[in-house]
**Student:** 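What follows is a single structure, and I will ask about it in a moment.
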Amino acid sequence: MATFVELPIETYAGLVDPDWCPGCGDFGVLKAVKMAAGRAGVASKDLVIVSGIGCSSNLPGYVHAYGVHSLHGRAVAVASGIKLANTDLKVVITGGDGDGYGIGIGHFIHAMRRNLDLTYVVMDNQIYGLTTGQASPTTMKEMRTKSTPRGNVELPINPIALALVSGATYIARGFSGEPNHMADLIAGGIQHKGFALIDVFSPCVTYNKLNTYPWFKKRVYKLEDEAGYDPGNVRKAFEKSFEWGDRIPLGLFYKDQQPTYEDSEPAFRQGPLVHQPLSIDPRMFQSLVEELM
C-alpha cells in the first residue's frame, strides 16, 4: 500500500487573497483543499486545479499549484485532457453547482462512466451566486429566488444519486462548516484511483437565505457515526443519497475499486503521453495534408 508524507498547508499558500463575500462557504472549501493536498502528500508541482466559471471557480488562483480557470461548464473536459496528457499529475476540479450540474452535466456524467482518475469538488450553494441569485440545478423546490419569485417549480438534481448511477467510484459529501472533516474526504478522493466526487454544502451568505449555516448545522450528521454503515454497499448508499429533511448525511457514501480509463486504454501502456516519443512518419503526415486539402 502506498504511503504518503503529509505536507504543511503553507505549501499551497497562494499569492492572491480570495475576494469572496465575508462568510462565504468557499473559504472553508479553499482551506480544506489545501489541507487535503497536504494530507495526500501531493507536491505543488504535481497538482493541477481546474475550474469553470462562477464565484467558486476563482479557487485555482488562490492555491500555489498549477491551475486553469476554464470555460463555463467545461472544467471536467479540460481536466480530462490534462490527466490524459500526463497521468502522473493529480488533477482536482473545483466549481459550483451551476457550473457542474447545469451546463457541465454532460461532461460530468461521461467522466464518471469512464472512471477517469479525477477528483471533483463541487461547491453546492443551491443558487447562482455570481449572477446574483437565480435558481440553480440544486435549488430546493418552491424556493423563491430572483428567477423564481413565485417559487421554484423544478425538482433539484441529486448529485450523490446521479454519481452512483453514472459510475463514480468514490462519492462523498462535505460541509463548509466542518473543513477538517471535508479535508479528509477530499484527501481520500485525491488518493483514490478513479473518479471521485465530493459534493460540498457551501452556503451563499448573500443570495441564499434558506440553506444557511444554522440550517445545515441542525440537520447534518456523519455517516461514519452510523453503526454498521458500509460505504462498499451500493444499495445502502442509494438509500442514504435520498435522505433529506430533518437529517442530512455527510461523509463517504460509496467507494469501490474499478479499472480506470487510463488503466484500460492501450495508449498508456508505455507510460504518460508526455513521456512517450513522437514517432510520426513525416510522409504519413504529408499524405494526410494532401488528402484533406
**Student:** What closest approach, in Å, do R39 and A187 show between heavy atoms, and which atom pair accounts for it?
**Tutor:** CB-CB, 4.0 Å

**Student:** Spell out, yes or no, whether V76 and V78 are grouped together once hydrophobic residues are joined by side-chain heavy atoms under 4.5 Å, including indirect joins.
**Tutor:**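 Result: yes, single cluster for both.
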
**Student:** Would you compute the distance between atom NE2 of H107 and atom CG of L116 and round it to the nearest 0.5 angstrom?
**Tutor:** 12.5 Å

**Student:** Treating Ile, Leu, Val, Met, Phe, Trp and Tyr as nodes and any side-chain heavy-atom pair under 4.5 angstrom as an edge, say whether V274 and V68 lie in one connected cluster.
**Tutor:** no

**Student:** I'd like to know if E226 pairs up with R247 as an ion pair, taking the criterion as any Lys NZ or Arg NE/NH1/NH2 lying under 4.0 Å from an Asp or Glu carboxylate oxygen.
**Tutor:**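 Salt bridge between E226 and R247, a charged N being under 4.0 Å from a carboxylate O: yes.
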
**Student:** Donor-acceptor pairs are to be reported for all side-chain atoms of residues 14-29 against protein atoms at under 3.5 Å, with residues two or more places apart or in another chain.
**Tutor:**
{"unit_1": "D19", "atom_1": "OD1", "unit_2": "Y62", "atom_2": "OH", "d": "2.9"}
{"unit_1": "W20", "atom_1": "NE1", "unit_2": "C55", "atom_2": "O", "d": "2.8"}
{"unit_1": "D26", "atom_1": "OD1", "unit_2": "S202", "atom_2": "OG", "d": "2.6"}

**Student:** Are side-chain heavy atoms of F201 and S176 found at a separation under 4.5 Å?
**Tutor:**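 SC-SC contact between F201 and S176 ruled out.
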
**Student:** At what distance, to the nearest 0.5 angstrom, does OG1 of T139 lie from CG of N208?
**Tutor:**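 Between atom OG1 of T139 and atom CG of N208 there are 7.0 Å.
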
**Student:** Should K236 and D230 count as an ion pair when the cut-off is N to O under 4.0 Å?
**Tutor:** no

**Student:** Have a look at T169 and tell me which of K255, Q258, H192 forms a side chain to side chain donor-acceptor pair (under 3.5 Å) with it.
**Tutor:**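 Only match with T169 under side chain to side chain donor-acceptor pair (under 3.5 Å): H192.
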
**Student:** So T94 and M123, do their side chains get closer than 4.5 Å, heavy atoms only?
**Tutor:**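 Counting from C-beta outward, M123 and T94 do come under 4.5 Å.
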
**Student:** Can you measure from CD1 (I103) to CD1 (I53) and round to the nearest 0.5 angstrom?
**Tutor:**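 I103 atom CD1 to I53 atom CD1 measures 10.0 Å (nearest 0.5 Å).
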
**Student:** If the condition is side chain to side chain donor-acceptor pair (under 3.5 Å), which residues does Y101 pass it with, not counting sequence neighbours?
**Tutor:** D199

**Student:** For Y66, does the OH atom have more than 12 heavy-atom neighbours from other residues, nucleotides or ligands under 6.0 Å away?
**Tutor:**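 Check fails, neighbour count at 12 or below.
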
**Student:** With sequence neighbours excluded, what pairs up with K146 under the salt bridge (charged side-chain N to carboxylate O under 4.0 Å, His left out) test?
**Tutor:** none

**Student:** Would one find more than 12 heavy atoms of other residues, nucleotides or ligands at under 6.0 Å from atom CG of D246?
**Tutor:**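 No - once you tally the heavy atoms of other residues, nucleotides and ligands closer than 6.0 Å, there are 12 at most.
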
**Student:** Run F108 and V122 through side chain to side chain contact (heavy atoms under 4.5 Å, CB included) and show every step you take.
**Tutor:** CA-CA 11 Å; F108 175 52; V122 180; 5.6 Å; no

**Student:** Can you check whether T11 reaches H64 side chain to side chain, under 4.5 Å on heavy atoms?
**Tutor:** no

**Student:** In Å and rounded to the nearest 0.5 Å, what is the CG to OH distance from L223 to Y254?
**Tutor:**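 If we round to the nearest 0.5 Å, L223:CG and Y254:OH are 15.0 Å apart.
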
**Student:** Pair N125, D97 - check side chain to side chain contact (heavy atoms under 4.5 Å, CB included), show working.
**Tutor:** CA-CA 7 Å; N125 58 20; D97 48 294; 3.0 Å; yes

**Student:** Are L71 and L59 connected into the same hydrophobic cluster when the rule is that any two of I, L, V, M, F, W, Y join if their side-chain heavy atoms are below 4.5 Å apart?
**Tutor:** no

**Student:** For residues K83 and Y261, determine if any side-chain heavy atom of one lies less than 4.5 Å from a side-chain heavy atom of the other.
**Tutor:** no

**Student:** Hey, could you give me the CG/CH2 distance between L210 and W215, rounded to the nearest 0.5 Å?
**Tutor:**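 So the CG of L210 and the CH2 of W215 are separated by 6.5 Å.
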
**Student:** Restricting to non-hydrogen atoms, name the atom on A79 and the atom on L118 that form the minimum distance, rounded to 0.1 Å.
**Tutor:** O-CD2, 3.8 Å

**Student:** Distance only, no hydrogens: is a donor on one side chain within 3.5 Å (strictly under) of an acceptor on the other, for T260 and D117?
**Tutor:** no

**Student:** Let me check something: do V92 and V63 share a hydrophobic cluster, defined by ILVMFWY side-chain heavy atoms less than 4.5 Å apart, either directly or through other members?
**Tutor:**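 Yes; V63 is reachable from V92 via cluster members.
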
**Student:** Does F253 form a side chain to side chain contact (heavy atoms under 4.5 Å, CB included) with L164? I'd like the steps, not just the answer.
**Tutor:** CA-CA 9 Å; F253 283 76; L164 282 164; 5.7 Å; no

**Student:** Are the side chains of N152 and M140 in touch, meaning some heavy atoms are under 4.5 Å apart?
**Tutor:**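 Side chain of N152 against side chain of M140, heavy atoms only: no contact under 4.5 Å found.
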
**Student:** State, with a plain yes or no, whether a side-chain heavy atom of I186 is found less than 4.5 Å away from one of V33.
**Tutor:** yes

**Student:** Parallel, tilted or perpendicular for Y213 and F175, by the 30°/60° rule?
**Tutor:** tilted

**Student:** Would M112 and I198 show up in the same hydrophobic cluster when neighbours are defined by side-chain heavy atoms closer than 4.5 Å?
**Tutor:** no

**Student:** Any side-chain heavy-atom pair from Y207 and T145 closer than 4.5 angstrom?
**Tutor:**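 A side-chain contact is absent here, since even the closest heavy-atom pair is not under 4.5 Å.
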
**Student:** Hey, does K90 have a side-chain heavy atom less than 4.5 Å from the side chain of D46?
**Tutor:**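 No. Closest side-chain heavy atoms not under 4.5 Å.
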
**Student:** Please report the interatomic distance CZ(R173) to CG(L252), rounded to the nearest 0.5 Å.
**Tutor:**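 Reported value, rounded in 0.5 Å steps: 12.5 Å.
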
**Student:** For the pair I127 and M143, evaluate side chain to side chain contact (heavy atoms under 4.5 Å, CB included) and give the outcome as yes or no after the intermediate values.
**Tutor:** CA-CA 10 Å; I127 203 81; M143 180 176 169; 4.1 Å; yes

